[in-house]
**Student:** 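Sharing a structure below in structure tokens format, with a few things to ask.
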Amino acid sequence: MIVKTIEIKKPGGIENLSLTDIEQPQVVPGKVLVRWRATSLNFHDYLVASGLLPVANGRVPMSDGAGEVVAVGEGVTQWRPGDKVMSVFFPNWLDGRPSLEKMSAILGETVDGCASEYTCLPANALTAMPDHLEFTEAATLPCAALTAWRALVEEGGLKAGDTVLIEGTGGMSIAALQIAKASGAFVFATSSSDHKLEQLKALGADELINYREDPKWGKTVNRLSSGGVDHVLDVGGEATLSQSVAAARIDGNVSLIGVLGGFKARISLPTIFQKNLHITGIAVGSQKMQSDMVSAYNASGIKPVIDQSFGLSELGEAFQYQELGEHFGKIVVEI
Ligand SMILES: NC(=O)c1ccc[n+]([C@@H]2O[C@H](COP(=O)([O-])OP(=O)(O)OC[C@H]3O[C@@H](n4cnc5c(N)ncnc54)[C@H](OP(=O)(O)O)[C@@H]3O)[C@@H](O)[C@H]2O)c1
């Protein structure tokens with residue numbers, strides 16, 4: 001049977017993404033055949049699709065997928081046809097701390113991703129979907145939400161009453177807001193747009209700051225929180241890290257997650273040791289962390305925030321929309 005996929009062909013570029021016909025993959029021992037129903041856009045996918053992050057010719061992009069198991073190979077016991085599943089960002093990182101080997105396979109970069117109707121992949125390289133979510137909603141979780149979950153819960157030990165700072169209104173930050181509020185945390189949130197600040201408020205953010213109007217927003221958060229917040233999720237890198245450090249409390253956690261505002265930051269090193277900060281680089285997370293996150297989504301009923309939905313043949317348009325930076329939450333693609 002002929003099925004549809006998207007492949008990155010040299011020289012790359014989002015204007016060159018187009019649907020290709022391929023033979024439907026066949027299931028093999030130890031693997032499962034998944035019919036993807038949705039994927040979602042992350043900044044990492046943009047880097048791959050635009051050619052800024054070089055990949056092998058013909059690579060199928062997109063790390064995030066939600067779909068249905070249609071066939072299981074010999075020896076597969078954990079899945080059955082009809083099970084609703086999600087991809088995992090690092091298919092070889094099942095559990096424990098990260099290592100080079102566990103992070104060598106990256107879905108949609110070093111191995112084929114989810115911009116396809118069908119993929120045959122290792123049975124361990126999946127988790128269940130939260131029970132209450134549609135495919136489009138579940139497809140927002142494997143990269144952005146798992147990163148937020150790991151930063152706050154796995155590394156940060158988030159607990160009720162903690163204070164959290166999220167920056168901007170991209171998919172990772174909105175997932176962090178939802179996880180933090182579901183855990184009983186007090187959330188400070190920033191955005192460049194007053195309209196988006198209103199949307200953050202509607203989602204439960206407690207204190208709102210326009211980072212364009214208040215360039216010293218880190219100091220403001222420190223003052224409003226009477227000495228700094230417990231957890232900061234930094235997404236701007238060069239543009240935000242010094243303010244993120246200013247916002248954190250003594251002995252607080254700063255998670256380095258994104259570089260939306262540049263790759264090289266100038267920060268005051270004495271401030272970091274005087275404040276005894278825990279600065280942690282975060283690269284998504286493991287399959288076990290994703291399973292734990294799914295349990296938390298099931299228990300809390302969190303519904304991911306979808307800004308807009310596109311079709312698979314419109315993946316290039318979806319990335320053009322992402323480039324505008326006008327979205328709030330996740331951009332998804334239905335397959
Ligand atoms: N390390 C990891 O494992 C990991 C995983 C997921 C994402 N990330 C990274 O996290 C970052 C966000 O990812 P995403 O998928 O959420 O991206 P996204 O959806 O594209 O986020 C875009 C939003 O970020 C905000 N933003 C842009 N520049 C900013 C700045 N200088 N300061 C504060 N906010 C800024 C803007 O919010 P407003 O319009 O509200 O101002 C913008 O709408 C990216 O750098 C991405 O690579 C890393």
Side-chain angles (χ1 to χ4, degrees), residues 39-50 52-53 62-64 88-90 93 98 103 106-109 139-152 154-155 165-178 188-201 203 205 208-215 217-218 221 232-244 247 254-263 265 279-286 289-290 293 304-308 318-332:
T39 180
S40 78
L41 277 63
N42 295 288
F43 191 66
H44 169 256
D45 302 308
Y46 173 78
L47 294 177
V48 170
S50 63
L52 292 168
L53 192 56
M62 309 306 282
S63 64
D64 290 5
V88 295
F89 189 89
F90 294 117
W93 184 6
M103 295 193 300
I106 302 173
L107 219 62
E109 182 189 333
T140 68
L141 302 183
C143 178
L146 181 58
T147 302
W149 170 264
R150 179 172 163 214
L152 289 171
E154 301 278 344
E155 308 284 345
L165 169 62
I166 59 151
E167 301 173 2
T169 53
M172 196 289 299
S173 298
I174 299 293
L177 167 62
Q178 294 182 299
F188 295 79
T190 70
S191 175
S192 58
S193 144
D194 287 341
H195 173 63
K196 289 183 176 182
L197 288 173
E198 284 304 313
Q199 291 176 279
L200 286 166
K201 193 175 181 183
L203 283 175
L208 307 162
I209 299 170
N210 186 316
Y211 64 80
R212 288 259 162 79
E213 289 171 9
D214 180 2
W217 46 269
V221 169
V232 183
L233 276 60
D234 186 273
V235 296
E238 187 169 341
T240 52
L241 189 56
S242 63
Q243 289 307 306
S244 292
V254 178
S255 295
L256 298 190
I257 292 174
V259 285
L260 289 168
F263 284 44
I279 298 196
T280 309
I282 303 283
V284 199
S286 67
M289 293 174 196
Q290 186 163 306
M293 178 183 75
V305 176
I306 294 175
D307 178 282
Q308 202 158 315
F319 280 118
Q320 281 163 353
Y321 179 63
Q322 184 188 29
E323 270 179 340
L324 296 176
E326 289 172 2
H327 58 283
F328 180 91
K330 294 290 293 187
I331 303 164
V332 300

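When a ligand or atom number is given, it counts from 1 through the structure's own listing order. Sequence positions, counted from 1, serve as the residue numbers for this chain.
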**Student:** Relative to ligand 1, is Thr169 under 4.0 angstrom through side chain, backbone, both or neither, heavy atoms considered?
**Tutor:** both
**Student:** For the side chain of Thr240 and the backbone of Gly237, is there at least one donor-acceptor N/O pair under 3.5 Å apart?
**Tutor:** yes
**Student:** Please check this pair: side chain of Lys330 against backbone of Leu41, looking for a donor-acceptor N/O pair closer than 3.5 Å.
**Tutor:** yes
**Student:** For His44 and ligand 1, does the shortest N/O to N/O distance drop below 3.5 Å?
**Tutor:** no
**Student:** To which of Glu323, Lys196, Glu326, His327 does the heavy atom nearest atom 39 (O) of ligand 1 belong?
**Tutor:** Lys196
**Student:** Closest non-hydrogen protein atom to atom 15 (O) of ligand 1, residue and atom name please, with distance?
**Tutor:** Phe43 N, 3.9 Å
**Student:** Can you name the atoms of ligand 1, numbered from 1 with element, that are less than 4.0 Å from a heavy atom of Val259?
**Tutor:** 45 (O)
**Student:** With heavy atoms of Ser191 as the reference, note each atom of ligand 1 found under 4.0 Å away.
**Tutor:** 38 (P), 40 (O), 41 (O)
**Student:** Which ligand 1 atoms, with their elements, are less than 4.0 angstrom from a heavy-atom of Ala283?
**Tutor:** 3 (O)
**Student:** Which ligand 1 atoms does Gly325 reach within 4.0 Å, using its non-hydrogen atoms?
**Tutor:** 39 (O), 43 (O)
**Student:** Under 3.5 Å, side chain of Ser255 to main-chain N/O of Thr280, donor-acceptor pair present?
**Tutor:** no
**Student:** Could you tell me the residue and atom name of the protein heavy atom closest to atom 31 (N) of ligand 1, and the distance to it rounded to 0.1 Å?
**Tutor:** Ala239 CB, 3.6 Å
**Student:** Would Ser173 count as being in polar contact with ligand 1, using the rule that some N or O on each side must be under 3.5 angstrom apart?
**Tutor:** no
**Student:** Cys143 versus ligand 1: do any nitrogen or oxygen atoms come within less than 3.5 Å of each other?
**Tutor:** no
**Student:** In terms of residue, atom name and distance, what is the protein heavy atom nearest to atom 27 (C) of ligand 1?
**Tutor:** Leu260 CD1, 3.7 Å
**Student:** So between Gly170, Gly168, Gly258, whose heavy atom ends up nearest atom 21 (O) of ligand 1?
**Tutor:** Gly170
**Student:** For atom 3 (O) of ligand 1, which protein heavy atom lies nearest, and how many Å away is it?
**Tutor:** Val284 N, 2.7 Å
**Student:** Which residue and non-hydrogen atom of the protein lie closest to atom 35 (C) of ligand 1, and at what distance in Å?
**Tutor:** Tyr211 OH, 3.3 Å
**Student:** Under 4.0 Å from a heavy atom of Met172: give me the atoms of ligand 1 that qualify, with their elements.
**Tutor:** 16 (O)
**Student:** When you measure from atom 48 (C) of ligand 1 to every protein heavy atom, which one gives the shortest distance, and what is it?
**Tutor:** Ile257 O, 2.9 Å
**Student:** Taking the six-membered ring for Trp, are Phe328 and His195 closer than 6.0 Å centroid to centroid?
**Tutor:** no
**Student:** Sub-3.5 Å donor-acceptor pair from the side chain of Arg150 to the main-chain atoms of Ala283, do we have one?
**Tutor:** yes
**Student:** In the protein, what heavy atom is nearest to atom 2 (C) of ligand 1, and what distance, to one decimal place, separates them?
**Tutor:** Ile282 O, 3.4 Å
**Student:** Answer yes or no: is there a donor N or O on one side and an acceptor on the other, between the side chain of Thr147 and the main chain of Cys143, under 3.5 Å?
**Tutor:** yes
**Student:** Between Thr147 and ligand 1, find which residue part has any heavy-atom pair under 4.0 Å and reply side chain, backbone, both or neither.
**Tutor:** side chain
**Student:** What residue and atom, counting heavy atoms only, is the protein's closest point to atom 32 (N) of ligand 1, and at what distance?
**Tutor:** Thr240 CG2, 3.4 Å
**Student:** Which atoms of ligand 1 are found less than 4.0 Å from any heavy atom of Ser192?
**Tutor:** 38 (P), 39 (O), 40 (O), 41 (O)
**Student:** Evaluate the side-chain hydrogen bond (donor to acceptor under 3.5 Å, both in side chains) criterion for residues Ser244 and Glu167: first the C-alpha distance (whole Å), next the side-chain angles of each, then the deciding distance (0.1 Å), finally the verdict.
**Tutor:** CA-CA 9 Å; Ser244 292; Glu167 301 173 2; 2.6 Å; yes
